[in-house]
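Below is one structure, written out as structure tokens, with a few remarks after it.
Sequence lines set the chain letters: A, B, ... in the order given, protein chains first and strands last, and positions in each chain run from 1. Just the heavy atoms: all of them, side chains too, but no hydrogens, waters or symmetry mates, feed the values below.
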There are 2 protein chains.
Amino acid sequence: MAGTLRDMRLFVAAYEERSFTAAARREHATQSGVSQHIRNLEDALGVSLFAREKGHVLPTPAGESYYARAVEVLRAHEAATSAARLHAGGLEGKIVVGLMPTLTRLALAPTLARFVQHHPNLVVSIVEGYSASLTAQALAGELDFAIVPAFSGSPGLRSRLFVRTQEVLVSSPGAPYLHARPVRLRDLDRLKLVVPSPANTRRHLIEAYVGSNGVKVERMIELDAMLGTLDFVARTEWSAVLPAVMLEPEETRYTVAPIVDPTFTLDLVQIEPSRRTLSSAAEAFRTVLAQETSRLAAPWAALTMVDAV
Amino acid sequence: MAGTLRDMRLFVAAYEERSFTAAARREHATQSGVSQHIRNLEDALGVSLFAREKGHVLPTPAGESYYARAVEVLRAHEAATSAARLHAGGLEGKIVVGLMPTLTRLALAPTLARFVQHHPNLVVSIVEGYSASLTAQALAGELDFAIVPAFSGSPGLRSRLFVRTQEVLVSSPGAPYLHARPVRLRDLDRLKLVVPSPANTRRHLIEAYVGSNGVKVERMIELDAMLGTLDFVARTEWSAVLPAVMLEPEETRYTVAPIVDPTFTLDLVQIEPSRRTLSSAAEAFRTVLAQETSRLAAPWAALTMVDAV
DNA sequence: CCCGTCGATCAGGAAATCAGATGCCCCATG
DNA sequence: CATGGGGCATCTGATTTCCTGATCGACGGG
């Protein structure tokens, strides 16, 4: 194919300057080099591009025509270069992170927004799932890490505390307790609870709390769909026990109250394949996610300092 | 600056094939070469473009972004190349030709049309003028050649017959003779003639013909503007003696008749600086111009075979 | 467990690139 | 008319780049 980018740059300079010597000055080359490059172009194209006249050169019709397109090429090349450079600066590679709906509902968006801005060339893949499937995928080495509720541990997985958050009771706006004020579950009669299936770690934590604190539960239904659970409690007299980081104090569709006396907290842990060490990209993502999650957890934790009603 | 065209071609191939090896096959290179070129790009851009995975490579976000622009660059480069190649094939350089209005009125357009099509990279410059100025410019070496009425010759100029054409009498449609039939000037009374100034060779030729053939001229005015002359005779009872190649038999604004008994012809000669040899480009132009001029002259010459009225 | 594939890297030779010197042409100047 | 200078082409040698073939390590399929 005809013409390298350097050929074209020198040609464009010569066209605009109407002089090989001036073009050489402008492009930090020598007159000889310009002459050679333009001869290359002319040979490759089979057309002369300049008429060599006294004291200057004059573009031929072919030169005029080629110039118009050559500047396009150079422009496009600069655009390509700077577009790619926009992605420079951050970490590179790919991370795959497993998250529960608990974290994807609110914490994920601001985390991703900040993270991809700082690491534009890093491919981030989020796998949403419940504790059971995330644990399995982490064991299979398909995830850099995952965030799940604290559990007894598993060989092949390393775990460390990620964030501790309140459990809150979520009901429709007409619920018999106050929004954003601590609530004692045993004070509530005829509690109808939506709970996850036994495959989910949190089901056991909820049953343990209920059983050991004299909470009177009238009915339970199992629902492993987080969006469905939220919609269901918003429209009925059913309630759910959910991690606080899923909800903002400003929610209007729900009555949300941190569960106290005793305080019911959930420890979220980070798990990763123990044979691997966390990549620095995954480490960076974990840090941002932890910041955003803690930010969401903080107001609810503060509310437990207030007296229950 | 970052990235040569070859870098980009190999990158694009690798992007599309998702494989360095396949890209090398497609671009007639080696796997090693592709690897090196893409490393070059990545170093120059400061960004990794591919994530190297098992059995294939996967573009990073930067790779995706760069690809979109890189294909633009390659497209633009191909467009530039083929645009320039359109100008290949014919002669190159520049010719400057001096022509009288006699030839520019009808013969020039078809000549140029044919000529520039066959010689797209040749710059053609036409200088319009009357015999005096064209001769001067030819002598000064400013013209490759010029076409002028035959004259006595001048040192420094070489001349050869170009085309012989009829002189015709041109009047308004109401003239007292028939269009496209031979006319005898001495049969016409009260001829009012528009003639060129004495600086123009044809003035002498006309006066010589008129004087030696008993033509009765009532009045003469000098007009060195050819367009003005045509318009003037179309609107008045004045007439002009003009070379036939300026007029087509289908003219409707004029009554045009070849002058016979004796036949009045004009020899157009080609003059060129005698110190130079005619460039092949000029030679080619002369040939096309002669063809077109002869084509215009032919029907008028044929008419002189018919009896005068 | 071996073999085939893929990408990275290295080393050597081929090719392109560059810079300086020189020649030529033309113009301006005196 | 001689001369000097500017501009381009061309030659040449040195440097750099480019390409290829070989080899290595990693991984996956049979």
**Protein proximity profile, nucleotides 22-30 of chain C - base contact B, sugar-phosphate-only contact S, no contact -, cut-off 4.0 Å on heavy atoms** = ----S----
Less than 3.5 Å apart, which donor and acceptor atoms pair up between the side chains of residues 107-119 of chain A and the rest of the protein, not counting sequence neighbours?
from	atom 1	to	atom 2	distance (Å)
A/Thr111	OG1	A/Ala107	O	2.7
A/Arg114	NH1	A/Gln291	OE1	3.1
A/Arg114	NH1	A/Glu292	OE2	2.8
A/Arg114	NH2	A/Gln291	OE1	2.6
A/His118	ND1	A/Arg114	O	2.9
A/His119	ND1	A/Leu91	N	3.0

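- Residue contacts shown for A/Gly33 are absent, as no nucleic acid heavy atom lies under 4.0 Å away.
- The existence of a salt bridge linking B/Glu72 and B/Arg75 is confirmed by a sub-4.0 Å separation between a basic side-chain nitrogen and an acidic carboxylate oxygen.
- Candidate nucleotides C/dC18, C/dT9, D/dA9 were compared by shortest atom distance to the side chain of A/His37, and C/dC18 ranks first.
- Remark: B/Tyr130 engages no residue in a ring pair (Phe, Tyr, Trp, His ring centres under 6.0 Å) (not counting sequence neighbours).
- If you check every strand for non-hydrogen atoms under 4.0 Å, B/Val57 touches sugar and phosphate atoms only.
- We find that CD of A/Glu17 is positioned 11 Å from P of D/dG7, with the value rounded to whole Å.
- When distances run from any side-chain atom of A/Ser32 to the nucleotides D/dC18, C/dA21, D/dT20, the shortest one goes to C/dA21.
- Side-chain nitrogen and oxygen atoms of A/Arg39 include none within less than 4.0 Å of the OP1 or OP2 phosphate oxygen of D/dC8.
- Straight-line distance from the CD atom of A/Glu42 to the C1' atom of D/dT10: 15 Å, rounded to whole Å.
- Listed pair A/Ser35 / D/dC8 fails the phosphate criterion, with no side-chain N or O lying under 4.0 Å from OP1 or OP2.
- Annotation for A/Pro61 and B/Leu122: closest pair CG-O, 4.3 Å, computed over non-hydrogen atoms.
- With sequence neighbours left out, the salt bridge (charged side-chain N to carboxylate O under 4.0 Å, His left out) criterion links A/Asp43 to A/Arg39.
- Residue A/Thr30 has no polar side-chain atom (N or O) positioned under 4.0 Å from OP1 or OP2 of C/dC18.
- Here the side chain of B/Gln36 is nearest to one of C/dT17, D/dT20, C/dA8, namely D/dT20.
- As a whole-Å value, the separation of B/Leu49 CG from C/dG7 C1' is 15 Å.
- Regarding B/Asp43, its CG atom lies at a distance of 13 Å from the C1' atom of C/dA8, rounded to whole Å.
- With sequence neighbours left out, the side-chain contact (heavy atoms from CB on, under 4.5 Å) criterion links A/His56 to A/Glu53, A/Leu58.
- Using a 4.5 Å heavy-atom threshold, the side chains of A/Gln137 and A/Val127 count as touching.
- Atom CG in A/Leu5 sits about 16 Å away from atom P in D/dT17, given to the nearest Å.
- A/Leu99 is not listed as a side-chain neighbour of A/Glu128, based on a closest heavy-atom distance of 4.5 Å or more.
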Distance-only donor-acceptor pairs under 3.5 Å for side chains of residues 145-158 of chain B, two or more places apart:
from	atom 1	to	atom 2	distance (Å)
B/Arg158	NH1	B/Glu272	OE2	2.8
B/Arg158	NH2	B/Ser274	O	3.3
B/Arg158	NH2	B/Arg276	O	2.6

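- Rounded to whole Å, the distance from CG on B/Leu10 to C1' on D/dC19 is 11 Å.
- Residues satisfying the salt bridge (charged side-chain N to carboxylate O under 4.0 Å, His left out) test with B/Glu283, not counting sequence neighbours, are B/Arg286.
- Considering only residues two or more places apart in sequence or on other chains, B/Asp267 meets the salt bridge (charged side-chain N to carboxylate O under 4.0 Å, His left out) condition with B/Arg164.
- One finds no side-chain N or O of A/Asn40 lying less than 4.0 angstrom from the OP1 or OP2 phosphate oxygen of C/dA16.
- If you check D/dA9, C/dG7, C/dT9 against the side chain of B/Arg52, the one that comes closest is C/dG7.
- Atoms CG (B/Asp7) and C1' (D/dC19) sit 13 Å apart, rounded to a whole Å.
- Annotation: the terminal axes of the helix from C/dC1-D/dG30 to C/dG30-D/dC1 meet at 20°, where each axis is the rotation carrying the C1' atoms of four end pairs onto the next four (5 pairs per end, rounded to 10°).
- Screening residues 89-103 of chain B for side-chain hydrogen bond (donor to acceptor under 3.5 Å, both in side chains) gives A/Ser48-B/Glu92, B/Glu92-B/Asn121 as the qualifying pairs, with residues at least two apart or on separate chains.
- Regarding A/Arg6, its CZ atom lies at a distance of 17 Å from the P atom of C/dA16, rounded to whole Å.
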For residues 63-71 of chain A, tabulate all N or O donor-acceptor pairs below 3.5 Å that involve a side-chain atom, not counting sequence neighbours.
from	atom 1	to	atom 2	distance (Å)
A/Glu64	OE1	A/Tyr15	OH	2.5
A/Tyr67	OH	A/Glu16	OE2	2.5

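- The stretch residues 19-29 of chain B comes close to DNA chain C through B/Ser19, B/Phe20, B/Thr21, each having a heavy atom under 4.0 Å from the strand.
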